[in-house]
Amino acid sequence: ELEALEHEGREYILQLDKAAGLRKNRANLAEWNYTANITKENEEKWIQLRLEISKQDKLAWEETKMYKWQGFQDNSLKRMFKKYSELGVAALPDDKYKQLMRSVSGMEANYATSKICSFKNETKCDLALEPDITEIFAKSLDPEELKHTWVEWHKAAGAKARSNFTQYVQLYNEAAKLNDYKDVADWWQADYEVPNFEEQLAKLWDDVKPLYQQLHAYVRKRLRDKYGDHVVSAKGPIPAHLLGNMWAQTWNNIESFTRPYPDKKELDITQAMKDQKYTPLKMFQMSDEFFRSLNLTAMPEKFWKNSIIEKPTDREIVCHASAWDFYDGEDFRIKMCTRVAGEQLRTVHHEMGHVQYYLQYRHQPFVFREGANPGFHEAVGDTIALSVSSPKHLRSIGLINGDAEDEQTEINQLYKMGIDKIVFLPFAYTLDLFRYGVFRGSTPPEDYNCHFWRLREALQGVEPPVNRTEEDFDAAAKYHVSANVEYARYYVSFIIQFQFHRALCNIAGEYVPEDVTRKLVDCDIYRSVAAGNALANMLKMGSSKPWPDAMEALTGQRAMRADGLLEYFRPLYDWLLAENQRTGEHIGWQPSNIQYC
Ligand SMILES: C=C(C[SeH])C(=O)N1CCC[C@H]1C(=O)O
Ligand SMILES: [Zn+2]
């Protein structure tokens, strides 16, 4: 009898899954049409379609509830039923669902179309985040220009989003409760399927904090050397506008004047890419070739036809890089306003990693066509980029000229990787610790900006360039806050990508513990079919099993741990400890003199 019920349940869920796949295809096409051409008409079409689809989702959900699936034998079948037992935002009544959709697309459109006036020419007021403002932050060494650009962007993209954001929090929390969660923080953390996710994040930060503090102290000293102690104090937080990035989330753009051994050549490959006439298409073709060298899947023909890899000039689009699965097994796309620069080559690999994951799990039921957890999806491309960023690989593709690997160039290399990977962690941690507080109500709207900056100062040791008030809303000046994209996934990714990298380097024979000729920092898995097959086996699983199973399949570990990252950066940590002692630099930071609460 139970056999028959389970058999009937399987028939049902597989047919439901196919129908759900078609709905995802239609929804993603409508979202693509809106974000690739931001108009009121396309926004309305996307909202109407999601409303129509929510009705079909609700019918399917009512029917699924009738099955006694908890008692089934087949774990995979139970996992499918469990996932389809959660309705999602469609649980909201129509009017509230529409309001929620409008508040998010309103924030996202504001972010994507915000323009500011130039510091150097105040009548020129058409500067967009990409490429104009990003280029200013990458190149300008004028603290006043950087301050102006920072303040204007945060006014246009942050403050303007405050009312939409407040409404979004209210409605999204209602949807969370309708799905049996306490609040959205609870809902977001459920995707990681561990009971103590937030404690795990805190433990990882405890493990990495000493390394971050040493790097922070060293960079603050080098910035003080550059700009003077009236701009950068000896013991306070670092002013956020001097770190080469609007959100101070990666400091790679200040490598040229802060690297440990300045007489050794610069490792940033942007100039070499420009000299060699790199184009966005060439960057994508190189990434595709790297994946193929691992015996992974080539980008399908539709990818090259349908993707947008350069900023269009005839319309407004969401420029923030994104990868898309249209759930039909052949239509996969990237939308990116690509610039020819070193950090963009990493982003290209990041996005191509998403598409490779889509390709590897495209035979799974639709409901399992996800990352093992959201952090896995963000880690694939970055893991490949760790090999691409190695001096050995960059030399092999002619982006850096030969230089004997000595102690000093290795420290410079680890420093370059550290100001990208280590400094990102407290930024990512801040962004969702802040939003957990917002969704839980411990951060009410009147405290949004004060709590945001209190966390940024406590964890990142950065301060705003000027005083802030609750007229501002600086969190929304970051894409993911304006676009309702959860961010702990990146914090997880920047930890587990080093576990993945170490495992793949081991399999490729590129890394042997304690063997100085096989160091992790020099590892390049390029052309290792063995490494590619191991990665593919993990990617093929999608979310069909709990993520510890996927982690174990590739690394032999069942938990996310900082040991991979700490092993990778060990030589840099030792160097920073000695260097900061030599210069007597204060480690850590005292409270800022800037007012923001
Ligand atoms: C490139 C993407 C698209 Se999923 C991105 O948002 N990333 C990649 C690294 C961190 C985060 C960011 O830019 O804030
Ligand atoms: Zn991503």
Side-chain angles (χ1 to χ4, degrees), residues 28 31-32 35-36 108 111-112 129-131 133-134 137-138 153 157-158 191 240 243-253 280 283-284 287 307-309 311 317-325 332-339 341-358 370-386 388-389 417 419-432 434-435 456 460 474-498 500 539 565:
N28 279 6
E31 182 176 4
W32 172 274
T35 59
E108 181 150 26
Y111 184 93
L129 180 65
E130 308 212 30
I133 296 171
T134 306
F137 264 82
W153 174 255
D191 282 349
L243 290 159
N245 174 276
M246 178 60 76
W247 309 279
Q249 71 184 69
T250 166
W251 302 352
N252 59 298
N253 287 314
M283 291 159 73
F284 278 87
S287 181
S307 291
I308 296 174
I309 62 171
K311 182 175 186 175
I317 75 166
V318 173
C319 263
H320 193 85
S322 57
W324 298 67
D325 183 352
F332 306 91
R333 305 177 199 178
I334 284 171
K335 175 161 53 63
M336 181 174 168
C337 301
T338 313
R339 288 175 297 114
E343 80 175 295
Q344 290 275 283
L345 190 57
R346 287 193 292 278
T347 304
V348 165
H349 284 85
H350 176 94
E351 297 308 329
M352 294 285 267
H354 284 304
V355 181
Q356 191 58 228
Y357 215 158
Y358 301 149
E370 309 167 297
N373 75 39
F376 276 61
H377 232 299
E378 300 307 332
V380 180
D382 280 14
T383 301
I384 301 302
L386 285 173
V388 173
S389 308
M417 298 307 291
I419 54 178
D420 196 38
K421 298 294 180 181
I422 302 167
V423 309
F424 179 80
L425 289 164
F427 168 78
Y429 193 22
T430 298
L431 218 58
D432 274 4
F434 167 69
R435 289 192 285 181
R456 290 208 73 182
Q460 262 192 289
D474 296 326
K478 175 62 192 168
Y479 171 76
H480 300 69
V481 175
S482 280
N484 176 32
V485 178
E486 184 259 6
Y487 211 80
R489 64 186 65 177
Y490 301 103
Y491 184 89
V492 167
S493 159
F494 276 56
I495 293 289
I496 64 178
Q497 64 188 247
F498 288 93
F500 294 173
L539 299 178
L565 180 145

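In listed order, ligands and their atoms are each counted from 1. Only a predicted model underlies this, so the values are computations on that prediction, with no experimental measurement involved. Residues take their numbers from the sequence shown, with the count starting at 1.
Polar contact check, His354 against ligand 1: no nitrogen or oxygen pair lies under 3.5 Å apart. No N or O atom of Thr347 sits closer than 3.5 Å to an N or O atom of ligand 1. Taking any N or O of His480, backbone or side chain, at least one lies under 3.5 Å from an N or O belonging to ligand 1. Checking only distances, His350 never comes within under 3.5 Å of ligand 1, N or O to N or O.
Not one N or O on the side chain of Ser493 forms a donor-acceptor pair closer than 3.5 Å with the backbone of Arg489. Side chain of Asp382 to backbone of Ala385: no donor-acceptor contact under 3.5 angstrom is found. Here the side chain of Glu351 pairs a donor or acceptor atom with the backbone of Ala323 at under 3.5 angstrom. A donor-acceptor pair is defined here as one N or O able to donate and one able to accept, closer than 3.5 Å; such a pair exists between the side chain of Gln460 and the backbone of Ala248.
Not a single heavy atom of Tyr479 sits closer than 4.0 Å to an atom of ligand 1. Taking 4.0 Å as the cut-off, Ser322 does not count as a neighbour of ligand 1 on heavy-atom distance.
Contact atoms of ligand 1 toward Phe424: 10 (C) (distance under 4.0 Å to a heavy atom of the residue).
Residue, atom and distance of the protein heavy atom nearest to atom 4 (Se) of ligand 1 are Tyr490 OH, 3.0 Å. The shortest contact between atom 14 (O) of ligand 1 and any protein heavy atom is with Tyr487 OH, 2.5 Å. Given atom 5 (C) of ligand 1, the protein heavy atom at minimum distance is His320 NE2, 3.5 Å.
Taking the side chain as every heavy atom from C-beta outward, Glu378 and His350 approach each other to under 4.5 Å.
No salt bridge links Asp474 with Arg456; every basic N to acidic carboxylate O contact stays at or beyond 4.0 Å.
Counting only non-hydrogen atoms, the option in Arg346, Met336, Glu351, Arg489 that gets closest to atom 2 (C) of ligand 1 is Glu351.
Aromatic pair Tyr358/His377: centroids less than 6.0 angstrom apart. Aromatic pair Phe494/Tyr429: centroids not less than 6.0 angstrom apart.
When NE2 of His350 and NE2 of His354 are joined through the Zn ion (ligand 2), the resulting angle is 100° to the nearest 10°.
The distance from the Zn ion (ligand 2) to the nearest N/O/S atom of Glu378 is under 2.8 Å.
Considering every non-hydrogen atom in both Asn28 and Trp324, the closest pair reads O-CZ3, 3.6 Å.
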